Peer 1: 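Before anything else, here's the structure in question.
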Amino acid sequence: MWRSVARRSSQVRRLLSTSAPPAGPLATVPAPCIVQKRGNDILNDPWYNKDTAFPLTERDRLGLRGLLPPRVMSFEQQYERFINSYRSLEKNTRGEPDSIVALAKWRILNRLHDRNETLYFRVLIDNIKDLAPVIYTPTVGLVCENYSGLFRRPRGMYFTAKDKGEMMSMIYNWPQEKVDMIVVTDGSRILGLGDLGVQGIGIPIGKLDLYVAAAGINPQKVLPVIIDVGTNNEKLLEDNLYLGLRQPRLEGEEYMAVVDEFMEAVHARWPQAVVQFEDFQMKWAFETLERYRNRFCMFNDDVQGTAGVALAGLLGAVRAQGRPLHDFTSQKIVVAGAGSAGIGVLSMAKQEMSRMLAKTGEEGHNQFWVLDKNGLITKDRKDLDPAVANFARGHGPNEIPDLHEGASLVEVVRKVKPHVLLGLSGVGGIFNEEVLKAMKESDSPRPAIFAMSNPTTKAECTPEDVFKHVGENAIFASGSPFSNVSLGNGKTGYANQANNMYLFPGIGLGALLSGARHISDDMLQAGAECLASYITDDEIQKGILFPEVSSIRHITARVGAAVVRAAVAEDLAEGCRTVGPKELGSMSESQTVEYVARNMWYPIYSPLVNNK
Ligand SMILES: NC(=O)c1ccc[n+]([C@@H]2O[C@H](COP(=O)([O-])OP(=O)(O)OC[C@H]3O[C@@H](n4cnc5c(N)ncnc54)[C@H](O)[C@@H]3O)[C@@H](O)[C@H]2O)c1
Ligand SMILES: O=C(O)C[C@H](O)C(=O)O
Ligand SMILES: [Mg+2]
């Protein structure tokens, strides 16, 4: 499956050689948008509101005359006005604690989001590198922790245990006839912050903002959802501001029955909708994935999106050593974290090693050492989760002597001398100085440390730690954004962001535009391969594993096209809107990229027409 990535990466860049984000609808006068509203109802609807940019013609025909200041501002003037107020906020809060500044930035963006979505997404898309850390990790974690106090206006839908039996009807309360993309969480494992109950809805909102910004999904066709089955978070249950169900979480069949009813209701109303499961605790992440993945067009981002991003980074770490990709099969990989993300990454990495070995007929060995909160996992572990058992160390001839059940992280790193140390533990700082100094003795000339836990406070280490204790040749990646590190004498230590935002937008977009009946392993693999092929050898040698966040719209168009082509190749594609499977199948690679790019929404004001 992995073609020569260097050749492909120059192809990729050529396919997307434009500097501007892929155009949305063809660049002509935008088609009018028919609205059933007039007057204040339009001004109060963020999907249609243009504020001071309503032209006089629209003010007359929509009953807006006299409801706005007389001057008509252009979209550009509105944009500059907002950016100036955002920048002055940055200036006025300088020196305040980081969390205060972060929440102030989030609030000014959220107010715009609640008022004028077209302007909001223009601001977000054109400043994605600066603003992703505000609407997404790490700030979104703070927002979820403080949601009940921050709440001003509902966004999305709330399906709770009390709605059992009502979901088939309440789904019609959502005002949009068409929904393309849904992100749902039950709030049980929000980033590395644990059970946040109804407050977890901040995650689907942030993820869908990225679907709009990176994948060009129309913001009028997204739906954030929280399934509120209670919370086991005592602090929230005792908080008189808490806005969710005040009861312990449902468990077992009662829990599953609520999620089942939600999925049935969603697909009864929007059969083509793609559903992304996000931040479910491990047991439900795997159970819901198995239960629904062949019945609906759905995927679990923490299990499958993360796996693809991590695999792209792992292959980059092989290339950084100047070795052929096939040498991935002999890499030694230590993983701290055996939860939904850790097992997802291990499963996809093991699958890739098996694919590579099958080509050469070689026999493989267990290249993974996996730890959880009780240390190294071996076959001596009692009550081992079946998903984890595949990676438990045994007692065979390939085992490293004296590495016992429950061995500590530093013991494992000292004895294994791994090429890669990867963290998906949700525990900040566990890659401490002792562990990182042990990584200096790695068998790799370019030891790779991936501190992938979110938010920033949960990162297993910082890039400064790594380049200081492991050395300048190290490769670093993290789940939340960090700044690059200046190594002196003009050298830079690159702080890559190994976050599933590089893949989930393209996975969802490709599934949608192909009309895939479900999302297969090959479709996910194709997305991961595309991401890995995006980085040139020169960039890899510098220690760059992932694209700049500012190019996320370009890479998403490319990932989306790869997913479309994989769906077509597997005969899973049923087509989308006016494009059938045959037409999809007749497209060349570049035509598929153009098809995807053409269907990516871009924020411009459409003329509004009221047809009442
Ligand atoms: N970078 C990304 O794109 C990305 C994607 C998904 C998840 N994550 C992050 O990964 C973390 C874990 O997510 P999850 O869904 O797997 O959570 P989870 O709760 O399902 O699993 C956490 C795992 O870490 C283990 N663990 C806890 N303390 C440990 C320690 N001291 N040493 C080693 N292992 C330890 C736990 O036993 C468990 O196996 C979270 O912070 C999440 O935000 C990042
Ligand atoms: O939300 C993110 O930033 C990535 C990932 O889905 C996570 O749960 O940490
Ligand atoms: Mg997640």
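Each ligand, and each atom within it, is numbered from 1 in the order the structure gives. As the structure is a prediction and not an experimental result, all values here were calculated from the model.
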Peer 1: Which option wins on minimum heavy-atom distance to atom 22 (C) of ligand 1: Gly305, Gly426, Ser425, Ala477?
Peer 2: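 Looking at heavy atoms only, the winner is Ser425.
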
Peer 1: What protein heavy atom sits nearest atom 12 (C) of ligand 1, and how far away is it?
Peer 2: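 Nearest neighbour among protein heavy atoms for atom 12 (C) of ligand 1, to 0.1 Å: Leu424 O, 3.4 Å.
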
Peer 1: Side chain or backbone of Val427 under 4.0 Å from ligand 1, or both, or neither, by non-hydrogen atoms?
Peer 2: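 The answer is the side chain of Val427.
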
Peer 1: Measure the distance from atom 44 (C) of ligand 1 to every protein heavy atom, then report the residue, atom name and distance (to 0.1 Å) of the closest one.
Peer 2: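 Going atom by atom, the protein heavy atom closest to atom 44 (C) of ligand 1 ends up being Met452 O, 3.1 Å.
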
Peer 1: Can you check which of Gly141, Ser453, Gly308 brings a heavy atom nearest to atom 9 (C) of ligand 1?
Peer 2: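 Of the listed residues, Ser453 has the closest heavy atom.
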
Peer 1: Considering Pro455, Gly344, Ser340, which one's heavy-atom position lies nearest to atom 20 (O) of ligand 1?
Peer 2: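 Closest candidate by heavy-atom distance is Ser340.
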
Peer 1: Starting from atom 21 (O) of ligand 1, what is the nearest protein heavy atom, named by residue and atom, and what distance separates them?
Peer 2: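 Among all protein heavy atoms, the one nearest atom 21 (O) of ligand 1 is Gly339 CA, 3.2 Å.
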
Peer 1: Please state which part of Arg189 comes within less than 4.0 Å of ligand 1, counting heavy atoms only: side chain, backbone, both or neither.
Peer 2: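 Just the side chain.
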
Peer 1: Report the nearest protein non-hydrogen atom to atom 33 (C) of ligand 1: residue, atom name, distance rounded to 0.1 Å.
Peer 2: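 Among all protein heavy atoms, the one nearest atom 33 (C) of ligand 1 is Asp372 O, 3.4 Å.
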
Peer 1: For ligand 1, which atoms have a heavy atom of Met282 less than 4.0 angstrom away?
Peer 2: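 Listed by number with element: 20 (O).
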
Peer 1: Can you name the atoms of ligand 1, numbered from 1 with element, that are less than 4.0 Å from a heavy atom of Thr306?
Peer 2: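 Result: 4 (C), 5 (C), 6 (C).
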
Peer 1: Considering only protein heavy atoms, which is closest to atom 29 (C) of ligand 1, and at what distance to one decimal place?
Peer 2: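 Checking every protein heavy atom, the shortest distance to atom 29 (C) of ligand 1 gives Lys373 CA, 3.7 Å.
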
Peer 1: Measuring from each atom of ligand 2, which residues have a heavy atom under 4.0 Å away?
Peer 2: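 Correct list: Tyr136, Thr137, Arg189, Leu191, Lys207, Glu278, Asp279, Asp301, Asp302, Asn454, Asn499, Asn500.
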
Peer 1: Identify, by atom number and element, the atoms of ligand 1 in contact range of Ala498, meaning under 4.0 Å from any of its heavy atoms.
Peer 2: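 Numbered from 1, ligand 1 contributes 1 (N), 2 (C), 3 (O).
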
Peer 1: I need the atoms of ligand 1 closer than 4.0 Å to a non-hydrogen atom of Asp302, numbered in the order shown.
Peer 2: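 Selected atoms, number and element: 6 (C).
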
Peer 1: Please write down residue, atom name and distance for the protein heavy atom closest to atom 31 (N) of ligand 1.
Peer 2: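 Scanning the protein heavy atoms, the shortest distance from atom 31 (N) of ligand 1 goes to Ile430 CG2, 3.9 Å.
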
Peer 1: Which atoms from ligand 1 have a heavy atom of Gly479 less than 4.0 Å away?
Peer 2: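 Ligand 1 atoms under the 4.0 Å threshold to Gly479: 1 (N).
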
Peer 1: Does atom NZ of Lys379 have more than 12 heavy-atom neighbours from other groups under 6.0 Å away?
Peer 2: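 Count over threshold, so yes.
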
Peer 1: Which of the protein's N, O or S atoms come within less than 2.8 Å of the Mg ion (ligand 3), not counting waters?
Peer 2: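 Metal shell, protein only: Glu278 OE2, Asp279 OD1, Asp302 OD1.
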
Peer 1: Give a yes/no on ligand 1: does Lys458 have at least one heavy atom closer than 4.0 angstrom to it?
Peer 2: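 Lys458: no contact with ligand 1 (<4.0 Å).
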
Peer 1: I'd like to know whether ligand 1 has Val309 as a neighbour, heavy-atom separation below 4.0 Å.
Peer 2: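 No; Val309 lies far enough from ligand 1 that no heavy-atom distance drops under 4.0 Å.
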
Peer 1: Which ligand 1 atoms are under 4.0 Å away from a heavy-atom of Ala341?
Peer 2: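 Within the 4.0 Å cut-off of Ala341, ligand 1 contributes 6 (C), 7 (C), 14 (P), 15 (O), 16 (O).
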
Peer 1: State the atoms of ligand 1, each with its element, that fall below the 4.0 Å cut-off from a heavy-atom position in Asn500.
Peer 2: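 The atoms of ligand 1 under 4.0 Å from a heavy atom of Asn500 are 3 (O), 5 (C).
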
Peer 1: Do me a favour and list the nearest non-hydrogen protein atom to atom 39 (O) of ligand 1 with residue, atom name and distance?
Peer 2: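 Going atom by atom, the protein heavy atom closest to atom 39 (O) of ligand 1 ends up being Ala338 N, 3.0 Å.
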
